[in-house]
Amino acid sequence: MRELIIESLSKKYGDVRVLENLNLRYRSGTINGIIGKNGAGKSTLFNCIARNTPYRGKIERKNIESIGMLSANPYMFPRITGYEFIRFCLSAKNRRENRQKMLQLNRLFELPLDKYAENYSTGMLKKLHLLALFLQENDLLLLDEPFNGLDIQSSAYLSEILKQMKHSDSLILVSSHDISHLLRISGTLTTLENGSAYFRTESLSDIEKEFQREAEERVKNLFSIT
């Protein structure tokens, strides 16, 4: 079993405190969803876990050696093909190329790997980064808005891939504004709000109904103004 234990985690940019004294624990064997409004600190949390930014507090990574992270707006190097990008990502983690597995996964994503990736659409670029992360076989996956920009079919494929990966002892954290997708695949759900974090203990269907009721009420009140 892999575990991610976060204790007294705080992070600020200048005088703006984004995360304040977070205490969280995640285990492999399930998909852990992270939700929150824009600017709530989801990307900051992932960057702290991935050691991409300094922070205060403690993050313990039990049985976790390799971390793969998908940023909300993935970058692409100029003038390299999709296949060359995958080879670069594999070499960065000292992973051997498994061409058969790559071709099997790409039957789902249908990427033109022999073409320059800088010319990919937003959705294609995200699928390329996901493909590289899956081939790296990381112990911990941090996926920031993975469904954003994907077509309906690719989103369904991604959901099924993640559900299969949770059985291979991978520890998976997924942040998304696509609440419907997140609720369908997540075993736990954490809300970030005003610098704090808390686990949602209600059933996932009740949470979805809560969001829907709040949206209906607020929109109705807005349009009732004369």
Side-chain angles (χ1 to χ4, degrees), residues 1-11 18-53 55 57-72 74 126 129-130 133-134 136-148 150 155-208 210-211:
M1 177 183 289
R2 309 185 197 281
E3 283 189 287
L4 181 67
I5 304 170
I6 300 170
E7 298 178 346
S8 303
L9 174 64
S10 296
K11 173 66 181 179
V18 181
L19 304 175
E20 178 66 36
N21 197 36
L22 266 58
N23 293 282
L24 299 164
R25 181 186 290 253
Y26 300 103
R27 294 183 175 90
S28 56
T30 189
I31 298 171
N32 303 281
I34 312 291
I35 61 174
K37 295 179 180 179
N38 293 329
K42 300 184 297 298
S43 298
T44 297
L45 173 62
F46 281 4
N47 279 310
C48 291
I49 296 171
R51 305 185 180 99
N52 292 335
T53 187
Y55 57 84
K58 179 181 178 182
I59 299 179
E60 184 177 359
R61 307 165 185 86
K62 288 187 175 182
N63 299 317
I64 296 172
E65 295 184 3
S66 62
I67 300 174
M69 178 172 168
L70 174 74
S71 63
K126 183 150 290 186
H129 277 258
L130 286 166
L133 286 174
F134 295 150
Q136 284 180 337
E137 298 181 343
N138 294 285
D139 300 327
L140 171 61
L141 271 181
L142 305 170
L143 305 181
D144 195 358
E145 295 293 343
F147 300 105
N148 187 34
L150 297 187
S155 293
Y157 287 146
L158 174 57
S159 295
E160 291 306 313
I161 290 172
L162 293 177
K163 284 191 283 187
Q164 289 296 319
M165 289 184 68
K166 73 180 183 180
H167 299 303
S168 63
D169 203 31
S170 297
L171 204 166
I172 304 169
L173 271 68
V174 181
S175 76
S176 180
H177 290 111
D178 190 337
I179 300 299
S180 296
H181 264 107
L182 204 56
L183 293 177
R184 283 198 294 269
I185 66 173
S186 296
T188 73
L189 197 65
T190 305
T191 294
L192 293 182
E193 187 175 31
N194 298 323
S196 300
Y198 58 94
F199 285 104
R200 304 297 295 259
T201 57
E202 315 97 300
S203 70
L204 299 183
S205 61
D206 286 342
I207 294 172
E208 187 170 25
E210 175 191 327
F211 285 128

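Excluded from the calculations below are hydrogen atoms, water molecules and symmetry mates; all remaining heavy atoms, backbone and side chain alike, are included. As the structure is a computational prediction, the values presented were derived from the model and not from experiment.
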Practice item. Would you check, one step at a time, whether the test side-chain contact (heavy atoms from CB on, under 4.5 Å) holds for Ile6 with Lys58? Key: CA-CA 6 Å; Ile6 300 170; Lys58 179 181 178 182; over 6 Å; no
Review point. Where is the tightest heavy-atom contact between Asn138 and Ser170, given as atom of each residue plus distance?
Key: O-OG, 4.0 Å
Exercise for review: Can you see which heavy atom on Ala72 is nearest to which on Lys126, and at what distance?
Suggested key: O-NZ, 3.3 Å
Exercise for review: Please report the closest heavy-atom contact between Tyr55 and Leu9, naming both atoms and the distance.
Suggested key: CD1-CD1, 3.4 Å
Review point. In Å, rounded to the nearest 0.5 Å, how long is the span from CD1 of Ile49 to CG of Leu171?
Key: 9.0 Å
**Study point:** Between CG on residue Leu142 and OG on residue Ser71, distance to nearest 0.5 Å
**Key:** 11.5 Å
Review point. Under the 3.5 angstrom rule, does the side chain of Arg61 hit a backbone N or O of Ile59 as a donor-acceptor pair?
Key: yes
Exercise for review: Test Leu182 against Leu189 for side-chain contact (heavy atoms from CB on, under 4.5 Å), laying out the working first.
Suggested key: CA-CA 9 Å; Leu182 204 56; Leu189 197 65; 4.1 Å; yes
Review point. Among side-chain atoms of Asn21 and Ser10, is any donor-acceptor pair under 3.5 angstrom?
Key: no
Exercise for review: Would you mind listing every salt bridge (charged side-chain N to carboxylate O under 4.0 Å, His left out) that reaches into residues 31-41, with sequence neighbours excluded?
Suggested key: none
Check your understanding: In Å, rounded to the nearest 0.5 Å, how long is the span from CD of Glu160 to CD1 of Ile185?
Key -> 9.5 Å
Review point. Is the shortest heavy-atom distance from the side chain of Glu193 to the side chain of Tyr198 under 4.5 Å?
Key: yes
Exercise for review: Keeping the roles fixed (side chain from Arg2, backbone from Asn63), state whether a donor-acceptor pair exists under 3.5 Å.
Suggested key: yes
Practice item. Go through the steps to decide whether Asp139 and Ile67 satisfy the test side-chain contact (heavy atoms from CB on, under 4.5 Å), and finish with yes or no. Key: CA-CA 6 Å; Asp139 300 327; Ile67 300 174; over 6 Å; no
Check your understanding: What is the distance from atom CZ of Arg184 to atom OG of Ser155, rounded to the nearest 0.5 Å?
Key -> 9.0 Å
Exercise for review: Locate the shortest heavy-atom distance separating Pro146 from Val174; write the atom from each residue and the value.
Suggested key: CG-CG1, 3.6 Å
Check your understanding: Can a donor-acceptor pair be found between the side chains of Thr53 and Asn47 at a distance below 3.5 Å?
Key -> no
Study note, to complete from the structure: For Ser176 and Phe147 the tightest heavy-atom approach is OG-CD1, 3.9 Å
Exercise for review: Report yes if some heavy atom in the side chain of Leu192 is under 4.5 Å from a heavy atom in the side chain of Ile35; otherwise report no.
Suggested key: no
Check your understanding: Is it true that a side-chain atom of Lys163 and a backbone atom of Ile31 form a donor plus acceptor pair closer than 3.5 Å?
Key -> no
Exercise for review: Go through the steps for Ile172 and Asn32 under the test side-chain contact (heavy atoms from CB on, under 4.5 Å), then give the verdict.
Suggested key: CA-CA 6 Å; Ile172 304 169; Asn32 303 281; 5.5 Å; no
Point to revise | Check against salt bridge (charged side-chain N to carboxylate O under 4.0 Å, His left out), Lys42 and Asp144 | key: CA-CA 8 Å; Lys42 300 184 297 298; Asp144 195 358; over 6 Å; no
Point to revise | Backbone N/O of Met165 and side chain of Ser168: donor-acceptor pair under 3.5 Å | key: yes
**Study point:** 4.5 Å side-chain heavy-atom contact, Leu143 and Leu130
**Key:** yes
Exercise for review: Working to the nearest 0.5 Å, report the span between CD of Glu145 and OG of Ser175.
Suggested key: 5.0 Å
Exercise for review: Sequence neighbours left out, what passes ring pair (Phe, Tyr, Trp, His ring centres under 6.0 Å) with Tyr26? Give chain and number order.
Suggested key: Phe199
Practice item. Can you see which heavy atom on Leu22 is nearest to which on Gly195, and at what distance? Key: CD1-O, 3.0 Å
